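Here the structure is a predicted model, which means the values were calculated and not measured. We name chains A, B, ... by the order of the sequence lines, and we start the count at 1 in each one.
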2 protein chains.
Amino acid sequence: MIGIDEVARAAGVSTTTVSRALSGRGRVSEATRERVRQTAERLGYVVTAAAATLASGRAQNVGVVVPLLDRWFFATVLDGIAAQLAPRGYDLTLYALTDDPAQRRGLFETSLRRRRVDGLIVLSGLLTDDEVAHVTGLGLPVVGLGVPRGDFPSLRVDDTAVGRVATEHLLQRGHRDIAHISESLPATSPADPEFEIPSRRRRGYEAAMADAGIRAPRFAEADFTIDGGRRAAHALLRSAEPPTAIFAASDEMAYGVLTAARELGLSVPGDLSVIGVDGHVLAGLFDLTTIDQFPHAQGERAGEAILAALEAPTPAEAGLAAASLPFELVVRGSTAGPPA
Amino acid sequence: MIGIDEVARAAGVSTTTVSRALSGRGRVSEATRERVRQTAERLGYVVTAAAATLASGRAQNVGVVVPLLDRWFFATVLDGIAAQLAPRGYDLTLYALTDDPAQRRGLFETSLRRRRVDGLIVLSGLLTDDEVAHVTGLGLPVVGLGVPRGDFPSLRVDDTAVGRVATEHLLQRGHRDIAHISESLPATSPADPEFEIPSRRRRGYEAAMADAGIRAPRFAEADFTIDGGRRAAHALLRSAEPPTAIFAASDEMAYGVLTAARELGLSVPGDLSVIGVDGHVLAGLFDLTTIDQFPHAQGERAGEAILAALEAPTPAEAGLAAASLPFELVVRGSTAGPPA
DNA sequence: CTGAAAGCGCTTACAG
DNA sequence: CTGAAAGCGCTTACAG
């Protein structure tokens with residue numbers, strides 16, 4: 001394999017100069033720089049990552065911690081992150097977060113500590129205190145995206161407002177009996193309900209209901225899957241007094257609600273109105289009203305934020321203030337007034 | 001940051017021994033190994049990736065080239081790969097493949113050549129001759145998954161059989177007028193139709209039709225998206241003699257067909273039968289008959305294959321013969337007999 | 001089974 | 001603007 005010394009020889013300069021010319025760090029005359037660049041290109045020389053990292057302390061690599069890789073939302077965010085990093089010459093190393101305790105220990109105690117990355121993006125997911133301590137203990141810039149913790153700078157949508165907007169949309173359509181389906185935090189959860197997404201959406205829902213003078217809001221628990229939404233909706237819709245509208249905390253849960261409605265012979269929106277959250281790529285197909293939270297753009301923002309932190313001259317300038325991300329109500333055919 | 005020499009001092013051995021004890025390479029007495037391990041754990045020492053890579057030539061990292069990260073199919077395959085790599089201590093670096101020529105050049109000519117990874121998994125996508133040459137020129141083990149080229153070992157489903165099985169299912173239901181929707185290769189494509197997935201599925205479809213004595217099979221071109229399927233279906237269904245059944249080359253295209261049918265007031269399967277391919281997670285929700293190709297398992301297989309190649313004592317033993325992946329017809333409510 | 005020492009391929013003060 | 005040399009933190013023949 002061709003190394004930096006061969007390029008130096010061919011260009012008639014020292015390896016020092018080759019390094020400087022190629023990296024753009026340090027002063028080199030324009031003529032020399034150009035000659036070195038062309039020589040490197042001609043010889044097909046590319047800097048070896050490991051050597052450059054060891055010598056410089058910079059890996060030119062960003063780690064992304066992702067729960068549920070195969071979920072549309074996270075895959076889309078990831079795509080947005082990749083779109084930012086690649087053009088800037090950064091690679092992206094993926095750290096999948098599972099529910100397996102052994103795998104998580106390996107991730108936080110070993111994988112992440114190999115110093116393979118310069119910075120870390122953590123996508124929403126529940127971390128224990130211990131795990132958060134490991135992340136902050138890395139001494140690396142960290143950007144969270146919807147992470148339910150205040151321990152490091154995190155970009156987030158105002159999820160309380162999301163819950164409120166979704167609920168108010170249904171109220172405006174004339175519904176009073178509106179149920180909310182979401183995940184509920186286990187009592188033992190390390191997450192702070194103040195920051196945690198499902199809790200915030202639920203709070204927005206409850207506030208909107210209270211403002212409308214409606215007591216006893218109805219909540220049904222489900223995990224963030226189609227089937228979770230389907231089961232919860234079945235329970236709700238077969239009760240003595242089925243709601244006329246359901247606000248699901250994700251579009252995938254809302255798909256489950258639509259399935260349950262179909263299985264029970266209910267028409268949407270004739271018998272039941274349904275609204276979700278996310279802006280899922282298939283929501284148009286299902287004619288589902290939703291709150292779009294632009295996940296691809298969220299990924300881009302997270303990518304920009306980590307790059308800013310990495311390239312800021314001083315840590316102070318990194319200025320990773322938690323930023324608020326936009327969202328938007330997209331009205332489609334799944335919401336209408338209540339049945340007469 | 002704590003280094004190997006501190007561990008050596010604390011354990012009362014040389015750094016040589018620490019390295020051997022922690023890596024498992026080379027002989028160390030069991031007692032010494034255990035003592036070193038405990039010392040390392042107590043001090044929170046983890047080997048620095050860059051230093052170990054530079055010294056050993058092993059990066060403990062696998063690269064994955066992915067087109068369309070946000071597509072369910074690829075995200076699911078990726079999840080399968082990650083599930084294999086993580087437990088074996090390998091990290092995963094993502095290389096997103098876009099349509100932008102500059103970005104692709106950067107990927108193949110620079111990013112991939114930084115020697116950040118020990119091996120590469122290339123997910124199905126069209127590569128030019130030049131790009132393939134760059135990949136094979138890396139001198140790294142490479143495993144393709146559905147890659148339309150014979151240049152490196154590739155795991156693949158027998159897509160001709162997939163096309164045949166899907167078509168025969170519709171024939172058995174009594175359909176004669178069956179259309180196929182898929183992507184068609186541009187004339188300038190670098191892909192060999194012998195290997196390329198859409199061509200093979202189409203060939204299976206045509207063969208099944210011919211065997212049933214049906215001339216003039218009907219083909220409509222579309223890209224692999226919901227909207228692509230929707231447009232193609234519109235054209236087909238509004239023609240003078242609309243088909244009674246449509247075989248879409250992916251589930252997402254099939255969703256588009258379902259949408260078109262709904263928009264045209266056609267009932268499925270009353271007026272139109274529809275079958276897709278993939279085993280998409282939402283296919284059950286759409287009640288869509290499909291050919292499941294188990295993408296998560298495909299990812300696991302690709303992960304196993306690259307690990308086997310990396311850990312084989314000799315390149316010969318790596319034995320990356322192209323393997324054939326399973327698929328399965330899953331019959332649901334979207335297919336029935338033709339209208340009377 | 002264990003260790004001293006060379007070396008992996010770069011980057012970067014330091015000096016000129 | 002340019003270069004000689006030290007050093008980044010490990011691994012691994014080689015020798016014992």
Considering all heavy atoms, the nearest B:Leu126-B:Arg104 contact
O-NH2, 2.9 Å
Looking at A:Glu300 and A:Gln84, what are the two nearest heavy atoms and their distance?
O-CG, 3.3 Å
Just to be sure I understand: a Watson-Crick pair is purine N1 to pyrimidine N3 plus N6-O4 or O6-N4, both under 3.5 Å. Using that and G-U wobbles, which stems of three or more pairs involve DNA chain D?
C:1-3 with D:14-16, C:5-12 with D:5-12, C:14-16 with D:1-3
Check every strand shown and say whether A:Thr16 touches a base, only sugar-phosphate, or nothing at a heavy-atom separation below 4.0 Å.
base
Determine the Euclidean distance between corresponding C1' atoms of C:dG16 and C:dT12; express it in Å to zero decimal places.
16 Å
Quick check on side-chain hydrogen bond (donor to acceptor under 3.5 Å, both in side chains): which of A:Asp118, A:Thr53, A:Asp91, A:Thr93 does A:Asn61 satisfy it with?
A:Thr93
When you look at CD of A:Glu34, are more than 12 heavy atoms from neighbouring residues, nucleotides or ligands closer to it than 6.0 Å?
yes
With nearest nucleotide decided by heavy atoms, which residue, A:Val46 or B:Thr17, maps closer to the 5′ end of DNA chain C?
B:Thr17
Between A:Ile121 and A:Ala302, which heavy-atom pair has the shortest distance, and what is it?
CD1-O, 3.7 Å
Please determine whether the number of non-hydrogen atoms from other residues, nucleotides or ligands lying under 6.0 Å from atom CZ of A:Arg114 exceeds 12.
yes
Which part of the nucleic acid, if any, lies within reach of B:Thr32 when heavy atoms closer than 4.0 Å are counted: base, sugar-phosphate only, or nothing?
sugar-phosphate
Please identify the 5'-most and 3'-most nucleotides of DNA chain C with any atom under 4.0 angstrom from a heavy atom of chain A.
C:dG9 to C:dA13
Across the strands shown, which category fits A:Ser29 at heavy-atom distances under 4.0 angstrom: base, sugar-phosphate, nothing?
sugar-phosphate
Where A:Gly146 and A:Ile197 come nearest, the two heavy atoms and their spacing:
O-CD1, 3.5 Å
Answer with base, sugar-phosphate or nothing: what part of the nucleic acid does A:Arg33 contact at a heavy-atom distance below 4.0 Å?
nothing
Judged by each residue's nearest nucleotide on DNA chain D, which is more toward the 5′ side, B:Arg20 or B:Ala51?
B:Ala51
By the definition side chain to side chain contact (heavy atoms under 4.5 Å, CB included), identify the one residue from A:Val66, A:Val64, A:Leu112 that meets it with A:Tyr95.
A:Leu112
